[in-house]
Amino acid sequence: QVQLVESGGGLVQAGGSLRLSCAASGLTFSIYHMAWFRQAPVKEREFAAAIRWNGGTTIYADSVKGRFTISRDNAKNTLYLQMNSLKPEDTAVYYCAATRRGSSRYSKDYDYWGQGTQVTVSS
């Protein structure tokens, strides 16, 4: 049974930082492309960042580029999202997702999802 478990969310002031983690089990993590998506209240889920299976290529949404860094540790079966210079508009539930179909910005391309972790940025 595949499990993706996010952690590291919380309440932070604008300008602060958080590091999210996603622990994977039940799949061969090292061959999956991974991503972070987020969903704010009354908004659709949106892409934040993605990373290929070997960490060699990363892509970011324009809204987070230069502030967020996605990374992975295949030995620990863990995905990370370092979030710096946080803004109130970054407030959302953050989800990690896994796919074998290539690094993608589209949620429909991902097969497995975590339950999410809440990030709240106060102004």
Side-chain angles (χ1 to χ4, degrees):
Q1 180 182 357
V2 175
Q3 281 195 311
L4 301 175
V5 180
E6 302 94 338
S7 62
L11 174 64
V12 63
Q13 287 189 329
S17 298
L18 282 175
R19 189 194 197 201
L20 305 184
S21 298
C22 171
S25 61
L27 76 170
T28 306
F29 179 75
S30 61
I31 65 173
Y32 277 79
H33 311 292
M34 301 295 295
W36 290 97
F37 287 79
R38 64 186 186 181
Q39 187 166 16
V42 303
K43 289 189 175 181
E44 292 191 355
R45 191 171 298 187
E46 67 173 10
F47 170 77
I51 187 168
R52 287 185 60 81
W53 65 274
N54 61 355
T57 302
T58 56
I59 56 174
Y60 296 92
D62 288 344
S63 58
V64 307
K65 197 175 296 182
R67 300 186 299 121
F68 290 11
T69 302
I70 188 171
S71 63
R72 64 191 297 160
D73 186 336
N74 285 347
K76 295 183 178 180
N77 291 349
T78 303
L79 176 73
Y80 302 100
L81 186 68
Q82 177 67 43
M83 305 186 295
N84 299 329
S85 302
L86 282 160
K87 305 175 181 181
E89 51 263 44
D90 294 319
T91 294
V93 177
Y94 283 71
Y95 299 90
C96 65
T99 182
R100 291 279 316 271
R101 285 177 275 181
S103 194
S104 170
R105 298 173 179 265
Y106 304 102
S107 60
K108 64 177 178 63
D109 293 330
Y110 289 83
D111 301 309
Y112 301 108
W113 293 83
Q115 293 299 306
T117 185
Q118 176 71 48
V119 172
T120 303
V121 184
S122 63
S123 58

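All figures in this text were calculated on a predicted structure; none of them were measured in a lab.
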Engineer: What pairs with R101 under side-chain hydrogen bond (donor to acceptor under 3.5 Å, both in side chains), at least two apart in sequence or on another chain?
Structural biologist: D111
Engineer: To the nearest 0.5 Å, how far apart are OG1 in T58 and CZ in R72?
Structural biologist: 12.0 Å
Engineer: I'd like to check S103 versus I59 (side-chain heavy atoms, cut-off strictly below 4.5 Å). Are they in contact?
Structural biologist: yes
Engineer: May I ask whether W36 and V5 are part of the same hydrophobic cluster, defined by side-chain heavy atoms of I, L, V, M, F, W, Y residues being less than 4.5 angstrom apart, directly or through others?
Structural biologist: no
Engineer: How long is the span from the OG atom in S71 to the CG atom in L79, to the nearest 0.5 Å?
Structural biologist: 7.0 Å
Engineer: Given V119 and L20, is the side chain to side chain contact (heavy atoms under 4.5 Å, CB included) satisfied, shown in steps?
Structural biologist: CA-CA 9 Å; V119 172; L20 305 184; 4.0 Å; yes
Engineer: With sequence neighbours excluded, give me every ring pair (Phe, Tyr, Trp, His ring centres under 6.0 Å) pair touching residues 54-100.
Structural biologist: none
Engineer: Apply side-chain hydrogen bond (donor to acceptor under 3.5 Å, both in side chains) to E46 and list each qualifying residue two or more places apart in sequence or on a separate chain.
Structural biologist: R38
Engineer: Does this structure show an ion pair linking D90 with K87, if we count only N-O contacts that are shorter than 4.0 Å?
Structural biologist: no
Engineer: Under 3.5 Å, is there a donor-acceptor pair between the side chain of T69 and the main chain of Q82?
Structural biologist: no
Engineer: Closest heavy-atom contact between C22 and L4?
Structural biologist: SG-CB, 3.9 Å
Engineer: Should V12 and V64 be counted in the same cluster of Ile, Leu, Val, Met, Phe, Trp and Tyr side chains packed under 4.5 Å apart?
Structural biologist: yes
Engineer: Is it true that a side-chain atom of E6 and a backbone atom of Q115 form a donor plus acceptor pair closer than 3.5 Å?
Structural biologist: yes
Engineer: Do M34 and L27 share a hydrophobic cluster (ILVMFWY, side-chain heavy atoms under 4.5 Å, transitive)?
Structural biologist: yes
Engineer: Taking all atoms of both residues into account, what is the closest heavy-atom pair of I70 and A35, and its distance?
Structural biologist: CD1-CA, 4.3 Å
Engineer: Going by ring pair (Phe, Tyr, Trp, His ring centres under 6.0 Å), name the pairs with one or both residues in residues 96-123, residues two or more places apart or in two chains.
Structural biologist: F37-Y110, F37-W113
Engineer: Can you list the residues that meet the side-chain hydrogen bond (donor to acceptor under 3.5 Å, both in side chains) rule with T120, with sequence neighbours excluded?
Structural biologist: Q118
Engineer: Once you round to the nearest 0.5 Å, how far does CZ of F47 lie from CG of D109?
Structural biologist: 11.0 Å
Engineer: By the side chain to side chain donor-acceptor pair (under 3.5 Å) test, which pairs, at least two apart or in different chains, include something from residues 9-35?
Structural biologist: S17-N84
Engineer: State whether the side chain of R52 and the backbone N or O of T57 hold a donor-acceptor pair below 3.5 Å, judged by distance alone.
Structural biologist: no
Engineer: Hey, could you give me the OG1/NZ distance between T91 and K43, rounded to the nearest 0.5 Å?
Structural biologist: 10.0 Å
